[in-house]
Engineer: 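I'd like to ask some things about the structure below.
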Amino acid sequence: MTSVHTSAHGPAGEKAGEPAVDTAARPERSRARGGPFEPPERPIAWAMLSRAVSVPLILGLVCFLPAVIAAQPGNGVRDTAYWLQLVLTCYAGARLATMILSTRRRLLQGVFWMFVYIAMGVAPFAQVVIGQTPTPMVGPRQDLITAVAMVLLGCAAYDLGALLASRRPLRRRTPSARSAGGGPAVAHPVRLRLLVVLAFAASAFYVLKLGGPAVFFSSRQEITETVAASGVVTEGSNVGSAFIKGFGQVPALLALLLYTRRLATSYRARRTPSTVLVWVALGALNLVVNNPISNARYWFLTVLMAFVFTAMPSSAAVYRTVLATGVVGALVVFPYADKFRYDDEGQRPAQSASVFEPLVTKDYDQMVMFANTISWVDTRGHTYGRQLTGSALFFVPRAVWSGKPEDTGVRVGQWMGLRMTNLSAPLWTEFWVDFGATGMAGGMALIGYAAARTDRRYARAVTRAGPGPGSVLAIAAPLIAGYTFILLRGPLLQSAGKLAIAALCLLLISTFREQRAGRRR
C-alpha cells in the first residue's frame, strides 16, 4: 500500500499529478514529461521562511514606509495628488513584495516594480508631503494629478500585459527542430572569441582616445571634458562620442558576462587555464572602462546587476536579496553615490538633516518631469511617433537629419527655461508625448507582456533543461534587467545607443544550433 500511495501522490505533501520537487532528477523529469522548467527549490524550507518574512515585508513596503513619510513635516498639500501618490506607492509596494516573495524569479518584472516603487512611488510621495521637488513644476497642480493618474494607469496596463503573457504557454521545440536550426540562441565558440578580440580592440581605442587609463580613475567631469576635446563630438550631435563610449564599454561587458556564465556552469571551463585567463583579463579591462568612478551610477548599476545575475542565475536567495536591499540602497546610498561625478573643485558637500531630504532635492525628478511634460504637450500637441522615431534612429547624425528630435527631457527643459537640461523623461512620458493616454497604456501593456515572456524563457534557460553555458538569453536577460533603470528613467534617445550595440553584438555571436560540446561536467 505504501508503494501505491507514493506512486499516486508522490512524496509527502504533494498532490496527485504534481511533479516531485527538490530532487536531483527533477530537471530531467520536467524535460521528459513536459513539466515546469523552474530550477530546483526547497519549497518546505522556503514556505517556512516566507511565512516568517512575508508579513513584515509587506507591512514595511506597503504600510510602514509610506506612514513614516506621511508623518514628515512639510508644506505639502493633502489634495488629490497626495492621495493618488499614496495609492501608487502602496500599489507598487505590494507588487514589489509579490516579486520578492514569489518562488519563481521574475527578473525583469522585479526590477520594474523596484524602480516604480522607489522613483515613481516613495520619492514623489516624499516630495508631495514635504512640498519640494528636485526640478520646479511650471504647470498647474492639475498636471501633477494627471501625471500620477497616468503612471497608475501605465502600471495597471503593465500588469495586464504580464497577466496575458502568463496565460500563453511557451512554445516547445522538438529535437528535430533544434537539429534543423530552430533551437534557442547560443554563443558560437568562434564568434565568441572574435567578440573578445573586438572588446579589447575597441576598449583600447577608447582608452587611448581619452589619454590613457589614468583618466578613468579621476571623475566623470574629466571624462566628459576629455571626450569633448577629443574631436569626436560635433556641434549639435553626440553620435560620435556615443559610439566610442558604447563600443568601448559594451563589448567588454558582454564578453565578461559570457565567460562568467561559462565558468559558473561548466566544470570543464573551470579546468581550462585559457578560459580562466581570458576571464581575468576581461575583468581587468572592465575595471578600467566600466568602473563606478568614471561612469554614471545607472550604468554601473547595470554592470553590477548583470554580473551578479549571470554569475548566480539559479540562486533564489540572490534574486530576493537584490530586490529587498535595492530599496534601501536606492533610498540611502544612491543619492550620495555621485561622489566622483565632479572633480574636487566642483564637488558639492552632501548635507542632509533627514534621510528623506535627498529624495526631494536630487535625482528623483521623474514624476515632476512627467507633470512638466504634460504641460509642454498642452502647449504644442502630441508628436504622433516623432519622438520615438528619433530614439529608434539615434545613430543618424544631425548633419544628415537636420530635423532630428532632441531628447524629450532636453526639449522640456528648454521649454521650461532651465540652463541644466540633463533631466529625466520616464518611459511613461515618451509614450504620452507621442500618443497620449491610450498609446501610453498600450505601450506599457506591450512592455509588461514582453517582460513576463522574457522572464519565463530566462527561467527555463538557466536550468539543466536549457541550452547550457552558451545561452544568449541567460546573458541578455540580466543585462536588460540592469539596463531597465536607464530605460525607465529616460530619456529614451540617450539610452538607445548602448542597448542597440549590445543587441548587435549578441546577434553577431548567436547561432540557433545547440552547442553540446562542453555543456557541463
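We count residues from 1, following the sequence as given.
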Engineer: If the condition is side-chain contact (heavy atoms from CB on, under 4.5 Å), which residues does Thr135 pass it with, not counting sequence neighbours?
Structural biologist: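 Counting only residues at least two positions away or on another chain, Thr135 forms a side-chain contact (heavy atoms from CB on, under 4.5 Å) with Asp365, Val368, Met369, Asn372, Met416, Leu418, Leu423.
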Engineer: If a pair satisfies ring pair (Phe, Tyr, Trp, His ring centres under 6.0 Å) and one of its residues is in residues 484-504, list it, with sequence neighbours excluded.
Structural biologist: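 Non-adjacent pairs meeting ring pair (Phe, Tyr, Trp, His ring centres under 6.0 Å): zero.
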Engineer: Indicate whether the side chain of Asp407 and that of Gln494 have a donor and an acceptor atom separated by less than 3.5 Å.
Structural biologist: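 Distance-only check passes for Asp407 and Gln494.
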Engineer: For Ser102 and Thr98, indicate whether the former's side chain and the latter's backbone hold a donor-acceptor pair under 3.5 Å.
Structural biologist: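 Looks like no, no N/O pair under 3.5 Å.
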Engineer: Would you confirm whether Gln85, through its side chain, and Met120, through its main-chain N or O, come within 3.5 Å as a donor-acceptor pair?
Structural biologist: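 Present.
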Engineer: Without hydrogens or angle criteria, can the side chains of Glu430 and Ser391 be said to hold a donor-acceptor pair below 3.5 Å?
Structural biologist: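 There is no such pair (donor and acceptor under 3.5 Å, judged by atom type) between the side chains of Glu430 and Ser391.
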Engineer: With no hydrogens and no angle check, is any side-chain donor or acceptor of Ser266 less than 3.5 Å from a backbone partner on Leu263?
Structural biologist: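 Not at all, since once roles are kept as given, no pair shorter than 3.5 Å links the two residues.
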Engineer: Classify the side-chain pair Thr260/Trp279 by whether it contains a donor and acceptor separated by less than 3.5 Å.
Structural biologist: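 Yes - a donor-acceptor pair under 3.5 Å links their side chains.
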Engineer: Are the side chain of Arg105 and the backbone of Tyr458 linked by a donor-acceptor contact shorter than 3.5 Å?
Structural biologist: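 Such a contact is absent between Arg105 side chain and Tyr458 backbone.
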Engineer: Applying salt bridge (charged side-chain N to carboxylate O under 4.0 Å, His left out), which residue pairs with at least one partner in residues 75-102 are found, sequence neighbours left out?
Structural biologist: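 Of all non-adjacent pairs touching residues 75-102, those that pass salt bridge (charged side-chain N to carboxylate O under 4.0 Å, His left out) are Asp79-Arg141, Arg95-Asp159.
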Engineer: Please find out if less than 6.0 Å separates the ring center of Tyr158 from that of Phe112.
Structural biologist: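 When the ring centroids of Tyr158 and Phe112 are compared, they turn out to be within the sub-6.0 Å range.
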Engineer: Between the main-chain N or O of Trp432 and the side-chain N or O of His382, is there a donor-acceptor pair closer than 3.5 Å?
Structural biologist: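 Checked: pair present.
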Engineer: Are side-chain N/O atoms of Arg168 and Tyr449 paired as donor and acceptor at under 3.5 Å?
Structural biologist: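 Yes.
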Engineer: The criterion is ring pair (Phe, Tyr, Trp, His ring centres under 6.0 Å); which residues satisfy it with Tyr483, sequence neighbours excluded?
Structural biologist: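 Ring pair (Phe, Tyr, Trp, His ring centres under 6.0 Å) check on Tyr483 returns nothing, list empty.
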Engineer: Take atom CZ of Arg270 as the centre, draw a 6.0 Å sphere, and report whether it contains more than 12 heavy atoms from other residues, nucleotides or ligands.
Structural biologist: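 More than 12 heavy atoms, drawn from other residues, nucleotides or ligands, come within 6.0 Å of this atom.
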Engineer: Provide the full list of ring pair (Phe, Tyr, Trp, His ring centres under 6.0 Å) pairs with a residue in residues 78-105, sequence neighbours left out, each pair given once.
Structural biologist: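 Qualifying pairs, neighbours excluded: Tyr82-Phe125, Tyr91-Trp113.
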Engineer: Check whether NZ of the Lys or CZ of the Arg Arg262 lies under 6.0 Å from the centre of the six-membered ring of Tyr259 and within 45 degrees of that ring's axis.
Structural biologist: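 Yes, Arg262 lies over the aromatic ring of Tyr259.
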Engineer: Provide the full list of salt bridge (charged side-chain N to carboxylate O under 4.0 Å, His left out) pairs with a residue in residues 489-502, sequence neighbours left out, each pair given once.
Structural biologist: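 As it turns out, there is no salt bridge (charged side-chain N to carboxylate O under 4.0 Å, His left out) pair with a partner in residues 489-502 once direct neighbours are skipped.
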Engineer: Does atom CH2 of Trp299 have more than 12 heavy-atom neighbours from other groups under 6.0 Å away?
Structural biologist: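 Yes, CH2 of Trp299 has more than 12 neighbouring heavy atoms, counting only those of other groups under 6.0 Å.
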